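Take a look at the structure below.
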Amino acid sequence: MDKNSLIINLEDICFAYPGRAPSLDKLNLQFHQGDRMGLIGPNGSGKTTLLHIIMGLIKPSSGRIEIFGGHVEQEKDFRMVRQKIGFLFQDADDQLFSPTVLEDVTFGPLNLGKSQDEAKAIARRTLESLGLAGFEDRITYKLSGGEKRLVSLATVMAMEPEVLLLDEPSTGLDETTEKRLVEILKSVDFSYILVSHNIDLLIETTDYIGYMISGDISVDDDSIPHTHRHMHKHGKYAHKHDLSLPDKKS
Amino acid sequence: MDKNSLIINLEDICFAYPGRAPSLDKLNLQFHQGDRMGLIGPNGSGKTTLLHIIMGLIKPSSGRIEIFGGHVEQEKDFRMVRQKIGFLFQDADDQLFSPTVLEDVTFGPLNLGKSQDEAKAIARRTLESLGLAGFEDRITYKLSGGEKRLVSLATVMAMEPEVLLLDEPSTGLDETTEKRLVEILKSVDFSYILVSHNIDLLIETTDYIGYMISGDISVDDDSIPHTHRHMHKHGKYAHKHDLSLPDKKS
Amino acid sequence: MHISEGVLSPSVLIAGAVLTTAGVAIGMKRLDHEEIPSMGILSAAFFVASLVHVPIGPASVHLVLNGLLGLILGWKAFPAILVGLALQGLLFQFGGLTTLGVNTLNMALPAVICYYMFGWGMRVGTKMPVLTFTAFACGSCAVLVSGVMVGFSLYFTGEAFLPAAKLVVVAHFPIMLIEGVLTAACALFLRRVKPELLEGHYVPKSS
Amino acid sequence: MIDEQFAIGNSFVHRLDPRVKIVVMFLFSVVVAVSTRFVVLLSALALGVCVTWLASLPTKELLRRLVPINIFIIFIWFFLPFTVEGKPYFSVGPLVGTHEGVLYATQITIKSNAIVAVLIALVSSTSILTLGHAMHELRAPKKIVHLFFFTYRYIHVIHREYVRLLNAMKIRGFRPRTNMHTYKTFAYLVGMLLVKSCDRAQRVHNAMLCRGFRGKLYSLSEFSLRTTDVISLILMLLVILGLGILEWTKIA
Ligand SMILES: Nc1ncnc2c1ncn2[C@@H]1O[C@H](COP(=O)(O)OP(=O)(O)OP(=O)(O)O)[C@@H](O)[C@H]1O
Ligand SMILES: Nc1ncnc2c1ncn2[C@@H]1O[C@H](COP(=O)(O)OP(=O)(O)OP(=O)(O)O)[C@@H](O)[C@H]1O
Ligand SMILES: [Mg+2]
Ligand SMILES: [Mg+2]
């Protein structure tokens, strides 16, 4: 598949939860191989809904979904989609449902028809690549918040997807864990869509940012480099925009 | 009570969850009437634990707690504390348990011995002051994340406390709601302690910031004004440090 | 009330085990593989709810909620209660293996009976007073029947247990009242907040 | 509250294969539950004490855990001595306690404590997850084993939610009393827990779908019997068999 082929193509997607105003309203989205897209927008603007539509967890009331060049509509079409697109949920407790870390990470590969041994090998490899070697036999519910988030990421990556959808992966994480997550995202060569309220995080980890507002996305490509100068108290504390701006020393 | 009287005085507080390393380790804290204190620190450094100790939800293994000049130790001492100090939990959006907003906001006043009518009047007044007029009969469970957070704040404010403890009140909120929260905080004349990972928020809403690390606080008063200059893409999007810096136009 | 190990006669223990096995088998048959995670989560919720202690005068009792459980789960109450009791046994030693059958039966059968007797009151469109009444009746009857069944388990073990059995039943009366009130209030809450839960649509299934 | 203190340890009993422990515990419970002879019951109790000693469990905690069952036993002691017919033995006011009654109540007391002691020593010394896996290996129905796993997994999450709600009530001045306000509040609490659990069920289901879930659940578990496991199993089985023989043949 060439670098810039279209992976996700949504056309005029509409969706409303029963008895609600539309969450998605004639939404269009083109996402290409190699893209790293950020998505920001107010609470309730439909970001999570959009990701659920892509994964086939809810079905749009109208519109057309094409993924990897094929039209997807039925549950069985989405089975294929879910092998190729990994989805990191907002709450790690929802994603880690197995008793131990190893069981949780092997769950995906086993469902894809891998043997127990292959699945374990994949799991070990994935955990190691995220710096989680030695976590295999830890009990999932006893992990700390940050560890849970990273293990969740491992469960998704163990499916060896081509694209990742990340729904607010950094909420509630401190700077160290957040930084680790950012490093991981920068080092893997996935295409991904990252939803976050944190613009600094998005600027650092994505190539372009979509702004979602009342069920539609506007992508703004003319990223205008500009200069801020500012001054503030508490300069002694490490603070986020120090870390997030590659050119801060300019 | 004069402006600068000591409200919260913690001396050598130690606490450890069973089978864990100490979460608080000989912690000292003086908090005065009129103070607006920020608290920042890595995950697991004990910020939430500290607030729980102040509210008497967990009991320290050693150390002395004085609140409003009195030594508090027993559950019944803390009942008085809870009337005067309001606490917004870290996961504020899941601290609502009543079917409707009105029932939830009246819950506190009713427990304080107010009559139904008084409680309702207080609730209406509080909701209005937070811009939530008309929310009375909404089902709490069906509110959006941001609305839940604001209603939770209303439930706490309806107790008419003198001090507020806020545990990461802005996580998961979009900029609009976060700004609204900041406006509310700036407009009320409470003393408060605000825990957040977001230094910009703290700088904007508090007078001084405590840094919490492995169970102890260091307060750093020499806020050194300094200048950053930086440049980044996506300048067209409103972004957080634009809002948070009073002197950005300098 | 849990009956301790070593009290009941072998015949009562065996009867309890056999009937519980049958009940669990029926419950499991109605449970798809796909629903197991959801059922587990709901069972966990009931487990936690049963840790709630409510004051009654100077004492406090923990909730049973088998009426509510029956209303929501029907026959699936059997596996849910079996797993719940097994975990209680393992975590708090409230019971052991030989009495697991009898204890499950004593809680789950009333749940299922009440489901058939009062479940209709939860359906869409029933009026508030009807809902309140049926929910109250369901909550209190489930506890009453449980009490009576515990009494009979003792009585069938030996005539000598008769006075103890009677006292067990009487001791369930105040709990009945509380459970009735709680079940009714809870049903009203669910009706307002998430009615589908009362109408049997509580587990996600993929289409 | 929901922690497994006894599962931490490295005694001989802790290291036994969990399948052996389950089998032994099951057979032991059944044999003792149906036994009536004092020789058998006393040997069983002695055995129970031995096993708990082998597991080197903290005595205080052990005794604390024996409290719940013994409350029921004490309840029984108020009745049985007086209601079982037989030779008068003692009297309290108008009530006459019989010799047979006291013996019967004693028998129950010993049985109960023996069974629960072994239960604690063998089963509580194993983590619940390991037990689940062992049940799977012992061919317990798969659906039940998985239901057990999911319930156990989410008890912790939901318990945390419960504590959070309870704290939210506390800081708003709530004090449980015997009144409608209290009962209504607890009903809301339970209702909220159920509603949230339902939503969580939906989310977990979605997460599983995204990882290719099609109704099949897996368990990874590998236990291998070691020589000590086999020897202990045989030894324990012989002892239990001995108890059985003692009971039914009435020798000794
Ligand atoms: N399960 C649901 N049932 C009914 N309405 C829902 C449900 N989930 C979301 N909604 C509604 O759909 C709209 C879009 O919600 P969505 O969760 O997609 O927003 P979001 O952009 O992800 O917000 P956030 O930033 O808070 O995560 C909101 O108005 C929300 O209230
Ligand atoms: N209920 C609990 N049981 C056991 N350990 C706990 C519990 N709550 C917190 N801890 C532990 O206590 C320590 C302090 O936790 P605390 O929640 O106070 O940190 P925090 O500073 O609020 O972190 P965060 O920024 O993530 O909110 C952590 O190591 C945490 O793992
Ligand atoms: Mg969202
Ligand atoms: Mg915290």
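Note that the structure is a prediction, hence the values are computed from the model and not measured. Naming convention: chains lettered A, B, ... in sequence-line order (proteins, then strands); numbering from 1 in each chain.
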Would you give the length of the straight line joining atom OH of Tyr188(D) to atom SG of Cys186(C), rounded to the nearest 0.5 angstrom?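 Between atom OH of Tyr188(D) and atom SG of Cys186(C) there are 10.0 Å.
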
Quick check for you: to the nearest 0.5 Å, what is the distance between Leu42(C) atom CG and Thr151(D) atom OG1?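 Interatomic distance, Leu42(C) CG to Thr151(D) OG1, rounded to 0.5 Å: 9.5 Å.
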
What is the minimum heavy-atom distance between Leu131(D) and Leu90(C), and which atoms define it?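 Heavy-atom minimum between the residues: CD1-CD2, 3.7 Å.
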
Restricting to non-hydrogen atoms, name the atom on Ala187(D) and the atom on Ala185(C) that form the minimum distance, rounded to 0.1 Å.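 Closest approach of Ala187(D) to Ala185(C): CB-CB, 3.3 Å.
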
So which of Ala49(C), Gly57(C), Gly96(C) has the largest heavy-atom pair count under 4.5 angstrom toward chain D?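 When all of Ala49(C), Gly57(C), Gly96(C) are compared, Gly57(C) has the most.
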
With chain D as the partner, which of Leu190(C), Val52(C), Val24(C), Leu154(C) has the greatest number of non-hydrogen pairs under 4.5 Å?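 Ranked by heavy-atom pairs under 4.5 Å with chain D, first place is Val52(C).
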
Let's test your reading of the structure: which of Leu80(D), Ile71(D), Val84(D), Thr36(D) forms the most heavy-atom pairs below 4.5 Å with chain C?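 Counting heavy-atom pairs under 4.5 Å, the top option is Leu80(D).
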
Please identify, among Glu85(D), Arg65(D), Arg64(D), Arg153(D), the residue contributing the most non-hydrogen atom pairs under 4.5 Å to chain C.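 Between Glu85(D), Arg65(D), Arg64(D), Arg153(D), the count favours Arg65(D).
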
Is chain C contacted by the side chain of Leu41(D), its backbone, both, or neither, given a heavy-atom distance below 4.5 Å?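 No part of it gets close to chain C.
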
Given that the side chain runs from C-beta out, which part of Met180(D) has a heavy atom under 4.5 Å from chain C: side chain, backbone, both or neither?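 It is the side chain, since no backbone atom gets that close.
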
Not counting sequence neighbours, which residues clear ring pair (Phe, Tyr, Trp, His ring centres under 6.0 Å) with Phe148(D)? List them please.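 Phe148(D) satisfies ring pair (Phe, Tyr, Trp, His ring centres under 6.0 Å) with no other residue.
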
Name, in order of residue number, those residues of residues 176-183 of chain C that have a heavy atom at a distance of less than 4.5 Å from a heavy atom in chain D; otherwise write 'none'.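 If one takes a 4.5 Å heavy-atom cut-off, the residues of residues 176-183 of chain C near chain D are Ile178(C), Val181(C), Leu182(C).
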
Counting only non-hydrogen atoms closer than 4.5 Å, can you tell me which residues of residues 158-167 of chain C sit against chain D?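 At a heavy-atom separation under 4.5 Å, chain D is reached by Ala160(C), Phe161(C), Pro163(C), Ala164(C), Leu167(C).
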
Would you list the pairs meeting salt bridge (Lys or Arg N to Asp or Glu O under 4.0 Å) in which at least one residue belongs to residues 52-77 of chain C, sequence neighbours left out?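 Output for this query lists Glu35(C)-Lys76(C).
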
Any non-hydrogen side-chain atom of Ile144(D) less than 4.5 Å from a side-chain atom of Leu82(C)?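 A side-chain contact exists here, since the closest heavy-atom pair is under 4.5 Å.
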
